[in-house]
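This report concerns only the one structure given below.
So that the names make sense, note that chain A is the first sequence line, chain B the second, and so on, each numbered from 1.
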Amino acid sequence: MGRMARRLAPQILTLAALVALVSVFFPNFINISFDGSRFVGPIIDVLKRSAPIALLAVGMTLVIATRGIDLSVGTVMAIAGAVAAWAITSGLGLPLTLALALAAGLAAGLWNGALVAIIGIQPIVATLILMTSGRGIAQLITEGRILTFSDPGFAFIGSGAVFGIPFPTVLWMATAVAFAVLMRRTALGLLIEATGVNRAASALAGVNATVILIAVYMASGLCAALAGIVTTADIRGADANNAGLWLELDAILAVVIGGNSLLGGRFSIAGSILGALIIQTINTGIVLSGFPSEYNLVIKAGLVIIILVLQSPNLSADWIYLRSVLLPRRAD
Amino acid sequence: MLLSIRSLSKSFPGTKALQGVDFDLAAGEVHGLLGENGAGKSTLIKCLTGAYRRDGGEMFLQGHSINPTSTAEAQTLGIGTVYQEVNLLPNMTVAQNLTFGSEPRRFGLVDARMQSRKAREILAPYGIGIDVDRDLGAYPVAIRQIVAIARAVELSGKVLILDEPTASLDAAEVRLLFSIVGRLRDEGLGIIFVSHFLNQVFELCDRVTVLRNGRKIVTAETAQLDRLRLISHMLGRELEEAERHDRGASGQNAERREPMIRFEGLGRAGMIEPFDLSVERGEVIGLAGLLGSGRTETAQLMFGVRSAGSGTTEDAQGRVAHGSPREAIAAGFGFAPEERKADGIAAELSVRENIILALQARRGWMSRIPRAEQERLAAHYIEKLDIRTSDAEKAIGDLSGGNQQKVVLARWLAMNPRFLILDEPTRGIDVGAHAEILRLIHEITAEGMSILVISSELDELVAVCDRVIVLRDRRHVAELVGEDVSTDAIVRAIAKPDAAKVVEPA
Amino acid sequence: MMKTLLTGAALLALTATASAQTVGFSQIGSESGWRAAETTLTRQQAEERGYTLQFSDAQQRQENQIAAIRSFIAQDVDAILLAPVVATGWDSVLQEAKEAEIPVVLLDRQVDSSDDLYLTAVGSDLVHEGRVAGEWLVGDVGDADCRIVELQGTTGSSPAIDRANGFREAIEGHANLEIVRSQTGDFTRSGGKQVMESFLQAEGGGAEICALYAHNDDMAIGAIQAIKEAGLRPGEDIRVVSIDAVPDIFQAMAAGEANATVELTPNMAGPAFDALEAFWADGTMPEKFIQTDSRLYTQADDPAGEYEARKDLGY
């Protein structure tokens, strides 16, 4: 446990600093109240609104651990949302609707994984194919409009609450825990890391690297489908043009802020989740603080740069060096 | 002398790539440059073409001291180079490639008609009637090579360096290339020819220079040199030297043991000709041969890294499938590859994880080896193989080469394979670890495991092997058994097939 | 064809009335429900008037539009409708159409070319739309104080800028109306909902908000959900006014959850065809810009009926 805390310390400190920073501009940021049926407050909103990024980040972490990248997750969200909205409006019932949407995510992952692992296309190119063409598929399903529904069961996924906690929060937490446990209680974590560090060596040691690669892209597709379901349930409609638009970049950013290397290998799902919370805190914080919209991206970019610079290994090495130089002098 | 090099030296961190090398090239001469990997051939060429700055020594071209700082400058001086991978632009036309950088111009614009005419003039002496206005990439490698030569001769015109030019050519193409090289020699060019193919060297070269470990070993007229002597120069084995027969216990009792696996007709076009090999329980088989003779390819077919084009494999239970590493592992094979960093270790992962990787892969992802068991295995092999690491959680990339190799060995020993392939197990590791690995090979065969060792160190093969298979030109050409295993015999077998007794595997 | 021998608008009009008209329509694409409705309505209008419509979907690419116009010119159509994807780069192809004496009518968006290269442009006035929304709110609020939150369109886009400015013009001078929070919701439902949630948090759980002005209906629909989930009644506790008049906002209005919307009519073809018919008949040159109505709809305007009328237009 101590090792994990040490590994995640920069992310936890960053998040705490951000919460403090937003509180300066919006003092009620950490207030949480109970309105009789659920908890409400800006922090609860962050925990709820981080669902899509957090879910995507879980899958993205695994893909990045294999030295890959999945640019298609935003589009897969739109496809899964479109499938779900179509299924629920066609009267297929909630269980079948969810199954179909998740199957769409898995199929998208299988496609990406096959392109990467079997055909051998670079991940960034392979997933770009689906990223650019997939919205067309989603638009075909929704026939170009926002496909709305009113099924209360489906809507619950977006706006319901369990023990006062928003359901999307429960969903991303459960997903993250499930994946983390799956990775560390089985050998999948090791096999993914080994494939990411050195695919050739892993294959020679008998690791079925092809299957591992396909599996991580399918996991990413599954997480993207979950995110798509949440987003669709949230607005009670499938918006093929906008659902998950550019969210793949936030997901990648979450993984990187979470301290995972884009060069693959060692990964931490908990780190990526913290990264997602950091990004969502920035997003929500900007709106709450009341700056004009024109500043949104500048503020976000500025904060992200500061965070990444503070986390960079070079800087921490410099810091250790500086300390070693300065501290003895101070002792004099 | 057209080109004289005097006591050329070049060091890189940790290695002396060239130490006081002398080299002379006459006009109208084809001079072969030979040596095994790491001998210093490519360093010499790179110093000559300005890709590297030399640390010491002098180079004279037609009596003038030269000091090229770039390949372009070397070209202007008169030294042109053609590499195995042709360094021209395949998406430009032949004419554009030939005149690149010196395009004929009219009113400041490239004159395409003149360009084509000039290209045809340049190519005319080479006797290849090709359309110079087509893209270079449309032509086969041999033609591209000739275009590259034509360009180099056109631009430089004094010294032509051919670096492994024949490696990807077929026999007819080699003939064409040789006739062109012969003509250029007759016109007075000095040609440096780098090749692993000894037949070609003997056929084409007037003189050869052998480098080994960054030193010049010998320069001699080809006519006065036989293959045997040449190979012993390259491998560093003096024939006169008394056989150091420190054969281990396994070497002496060369009586036939229980056969375990039989490979029959295993081969793949372009990699290795079909061969037969019977592996007996607890024996050490060595694979000897020059670089590119098909040693690693043999191992790769056995372990399913590349799929075999032909052949069957059987053991006492019947057919053995080994079409992929996973199948080979299921059949009880193990493989420690030559490129340890690229194919052996997962550098960022810990010693423990590297040791259990193959075992975990075989058990499948569902049944994770419990952490306590992982730690026990790691501790066991760290102690048994004397792996020098502060603890089992250290990243393997931080260990020395010898210790990395021991971890890879531990990975396979943990699998308890029946047949373990070790490709250059002692390359790049220090002397102490070297001896320990040889001792380990003895130990594990005593427990019934069979081992195939690939090595360029003939001493090493002689010390550990019960049998040595000799390869040449992608063929298994000879087999030495028991008392017949000696560096002398191996060198003779590499040199010519009838020099050693050829034993067909039973 | 005989027509090529004839010159002059009057003679042109002769042939025009003699046979069914063929009109080429180069549409940007189908990136939004509004545009799909525009396509549907253009087809309907052409059918009603007995024209043959040559339709070309450019899929957001100017080169496709230029190719389509050239092909219309080659087919010698009687008029060309163009919804330009970008403002620049039209000079040469419009010149070709002019030389072939084919009138071009721009729909919905403007181009940077000289205005003698096209017959007229039909479009809405985005500033005016914002103004209509603001004027409604001014009238609806009366003298009471009103804290307004604004969901803006995509930052920097011309609808976002113009609709913001028009609304501000309308409420200027009414000190009781104040925009207290303004943030982009990117024209999407999801964006509208998320930003509205934060607005509600920031403004005392929503109790201090009197009205929401959204730059489009989709953001308003998302915001309505956020208001409902916060336990408030949209349309009553918080007034909701937005722009576009897509079918779903009429559903919300019918349910009492939205108060008003300003129509951005997808029927650009109607006024365009009217102008063309006048031109064909006697060469009447229309104004260079024909502004469509920015009609205001409230809960009193039979929202359920409006929904039924619009739901099949492809929104």
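Using a 4.5 Å cut-off between heavy atoms, Ala342(B) touches chain A through its backbone atoms (N, CA, C, O) alone. Using a 4.5 Å cut-off between heavy atoms, Ala203(A) contacts chain B through its backbone alone, with no side-chain atom that close. Interface remark: Pro370(B) contributes no atoms to any contact with chain A (heavy atom separation under 4.5 Å). The part of Ile356(B) that comes within reach of chain A is its side chain, from C-beta onward, which places non-hydrogen atoms under 4.5 angstrom from that chain. Contact of Arg411(B) with chain A is made through the side chain alone, with heavy-atom distances under 4.5 Å. Contact annotation for Leu204(A): both backbone and side-chain heavy atoms come within less than 4.5 Å of a heavy atom of chain B.
Taking Gln360(B), Glu327(B), Glu353(B) one by one and counting their heavy-atom pairs under 4.5 Å with chain A, the maximum is reached by Glu353(B). Of all the listed residues (Val207(A), Leu190(A), Thr195(A), Asn208(A)), the one sharing the greatest number of non-hydrogen pairs under 4.5 Å with chain B is Asn208(A). Most heavy-atom pairs under 4.5 Å with chain A: of the set Asn354(B), Leu349(B), Ile329(B), this distinction falls to Leu349(B).
With sequence neighbours excluded, no residue forms a salt bridge (Lys or Arg N to Asp or Glu O under 4.0 Å) with Glu460(B). Taking Phe333(B) as the reference, His322(B), Phe419(B) meet the ring-ring contact (aromatic ring centres under 6.0 Å, His included) condition, with sequence neighbours excluded.
Side-chain N/O atoms of Ser72(A) and Asn112(A) include a donor and acceptor closer than 3.5 Å. Donor-acceptor pairing under 3.5 Å is recorded for the side chains of Ser456(B) and Glu424(B). Between the side chains of Ser272(A) and Thr61(A), at least one donor N or O lies within less than 3.5 Å of an accepting N or O.
Listed by first then second residue, pairs satisfying ring-ring contact (aromatic ring centres under 6.0 Å, His included) with a partner in residues 396-417 of chain B read Phe303(B)-Trp412(B), not counting sequence neighbours.
In this structure, Arg184(A) is positioned above the aromatic face of Phe267(A), its NZ or CZ under 6.0 Å from the six-membered ring centre and within 45° of the axis.
A distance of 10.5 Å separates CD in Glu297(B) from CG in Leu287(B), rounded to the nearest 0.5 Å.
Side chains of Gln300(B) and Arg268(B) form no contact here, defined as non-hydrogen atoms less than 4.5 Å apart.
Contacts with chain B (heavy atom to heavy atom, under 4.5 Å) involve these residues of residues 171-183 of chain A, listed by number: Leu182(A).
Between Pro425(B) and Ile454(B) the shortest heavy-atom distance is CD-O, 3.5 Å.
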